[in-house]
Q: 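Below you will find the structure I want to go over with you.
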Protein chains: 2
Amino acid sequence: MDQAVLEASFRAYFLGLGHDIDWQYLSLSMMLHPVRKGDYLFHQGELANQLYFLHSGLVRYVGVSDAGKEFTQTFVKGPRVIGSTRAMVTGMPVLFGIQALSDVMVISYPWAEFFQQMSQDKGFLASYMAFLEQIFIAKEERESAFVKHSAERRYMDFCADYPELKEQVPLQYIASYIGITPIALSRIRQKLKLSNG
Amino acid sequence: MDQAVLEASFRAYFLGLGHDIDWQYLSLSMMLHPVRKGDYLFHQGELANQLYFLHSGLVRYVGVSDAGKEFTQTFVKGPRVIGSTRAMVTGMPVLFGIQALSDVMVISYPWAEFFQQMSQDKGFLASYMAFLEQIFIAKEERESAFVKHSAERRYMDFCADYPELKEQVPLQYIASYIGITPIALSRIRQKLKLSNG
DNA sequence: GGGATTTCTTAACCTAGGTTAATTTCTTGG
DNA sequence: CCAAGAAATTAACCTAGGTTAAGAAATCCC
């Protein structure tokens, strides 16, 4: 994939956040990271203080519990900025790894320098703010769903909200996203099948 | 409480987010909301597209499940901006209400106008961004804890992380914060008491 | 200070979802 | 196109935590 295409996609994504951005401040060159289906961009516990951009394709954020069980925090489709805000901002190791669910190409900038340069621009600040608002709101909604709804309801909501993912993504990942085991999801699906004739 | 004191506290809080702010753009006057211990600033499902500022005292964010069960999303001590980012930004009804755990005084500005005026200022944008980063990171850490640790471990972490709250806050709210019933929390406390002699 | 209310604990029982394990179906690389 | 691995289902059993209920302890307020 052509670097220029990725760069254009990156800029278009930021533009889509709603504010004009002046890229003249940016003097860094991007890094390219091809990631094969199933492989990880980085794992839980590693440092990842980069700004990553997923041009296209699908990834999931994965955490591993004390008991060694995998948990899918979220699915993300490109184009979007991915990575750990917490790790970028604090320099701490990431709480969740990122696994590619299709072959993808990711680009990165070192966050500290990137932000340092781009923070000259008000449009960039406003765009990054809009991004933070988006991801925060998504988390708030997810927390609310977890606390207020049963596993069965969360599965039905997932199917309604992400009909494409329902087809593309292995059931075990969907189960780990709604917070249950694949076995429990099978039981729920069986029950729903029966009650819908 | 004196309005001027609240206003000064509000500005000092923003300053604490790390950037100089020029308040000349702000022409709105604030509203005062006294809230008595136990009362709500607003309830789940209401509109709350205001920027609220808690000068001092303690509040909790409360959600109610489908089954009518209360759930504490977070505890917040003043001075801090409180309210729902989601409701401010989207104008949608809030997913969580805010209940005062002590008598408190809250001030507010209508978010849309406030933001419109203040977004002239780069220091304000950077400060608000820092705030969004903070609350997002807190959510990411909480999500990680929920998924990775047992209820017992979450209770021990709560005690270690918030020793003051442990004394001030009724156990039932702590239970609902770590995601279990007060009965289950009693069992855990009993077990810990025994195993520590 | 004392009755009323709320909070906390304990006990007995129940259930959603976890665990293990065996079977079937689907993918995929050669 | 087939063998081998991965994914999904089903069954039998188990357990953390929920539920109901009833006392004990703390708090509130008149």
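Reminder, nothing fancy here: chain letters follow the sequence lines and each chain counts from 1.
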Q: Is any side-chain nitrogen or oxygen of B:Arg189 closer than 4.0 Å to OP1 or OP2 of C:dT9?
A: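 Answer yes for this pair, as a side-chain N or O of B:Arg189 is under 4.0 Å from OP1 or OP2.
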
Q: Quick one: side chains of residues 14-22 of chain A, donor-acceptor pairs under 3.5 Å with protein atoms, not counting sequence neighbours, listed by atom name and distance.
A:
from, atom 1, to, atom 2, distance (Å)
A:Asp22, OD1, A:Gln24, N, 3.0
A:Asp22, OD2, A:Gln24, NE2, 2.7

Q: If you only use heavy atoms from C-beta on, which nucleotide in C:dC8, D:dA21, D:dA7 is closest to the side chain of A:Pro170?
A: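 Nearest nucleotide to the side chain: D:dA7.
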
Q: Can you tell me which nucleotide in D:dC28, C:dC8, D:dG18 comes closest to the side chain of B:Leu171?
A: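 Shortest atom-to-atom distance from the side chain points to C:dC8.
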
Q: Listed by chain and number, what are the side chain to side chain donor-acceptor pair (under 3.5 Å) partners of B:Thr85, not counting sequence neighbours?
A: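 Checked B:Thr85 against side chain to side chain donor-acceptor pair (under 3.5 Å); zero matches.
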
Q: Would you mind reading off the distance between B:Glu167 atom CD and D:dT27 atom P, rounded to a whole angstrom?
A: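 Between P of D:dT27 and CD of B:Glu167: 12 Å.
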
Q: Specify the separation, in whole Å, of atom CD1 of B:Ile180 and atom C1' of D:dG18.
A: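 About 11 Å, once rounded to whole Å.
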
Q: Determine the contact category for A:Gly179: base if any of its heavy atoms lies under 4.0 Å from a base atom, sugar-phosphate if only primed atoms, P, OP1 or OP2 are that close, otherwise nothing.
A: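 The answer is sugar-phosphate, as A:Gly179 gets under 4.0 Å only of primed atoms, P, OP1 or OP2.
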
Q: Consider the side chain of A:Gln172, meaning its heavy atoms from C-beta on, and name the nucleotide among D:dA7, C:dC8, C:dA12 that approaches it most closely.
A: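 Comparing D:dA7, C:dC8, C:dA12 against the side chain of A:Gln172, the answer is D:dA7.
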
Q: Would you call A:Lys37 and A:Asp103 a salt bridge, using N to O less than 4.0 angstrom?
A: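 A:Asp103 and A:Lys37: not salt-bridged.
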
Q: Kindly point out which of C:dG17, D:dG17, D:dA8 is positioned nearest to the side chain of A:Arg187?
A: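 Of the options given, the side chain of A:Arg187 lies nearest C:dG17.
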
Q: Taking only the side-chain heavy atoms of A:Ile183 (C-beta and beyond), determine which of C:dT28, D:dT10, C:dG18 contains the nearest atom.
A: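 From the listed options, D:dT10 comes nearest.
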
Q: Does OP1 or OP2 of C:dG17 have a side-chain N or O of A:Thr181 closer than 4.0 Å?
A: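 Answer no for this pair, as no side-chain N or O of A:Thr181 is under 4.0 Å from OP1 or OP2.
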
Q: Grab the NE2-P distance between B:His149 and D:dA16 for me, whole Å please.
A: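 Atom NE2 in B:His149 sits about 18 Å away from atom P in D:dA16.
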
Q: Are a donor atom and an acceptor atom from the side chains of B:Tyr128 and B:Glu133 found within less than 3.5 Å of each other?
A: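 Absent: no donor and acceptor within the cut-off.
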
Q: More 5' along DNA chain C: B:Gln190 or A:Lys69, using each one's nearest nucleotide?
A: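 First, find each residue's nearest nucleotide; the 5'-ward one identifies B:Gln190.
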
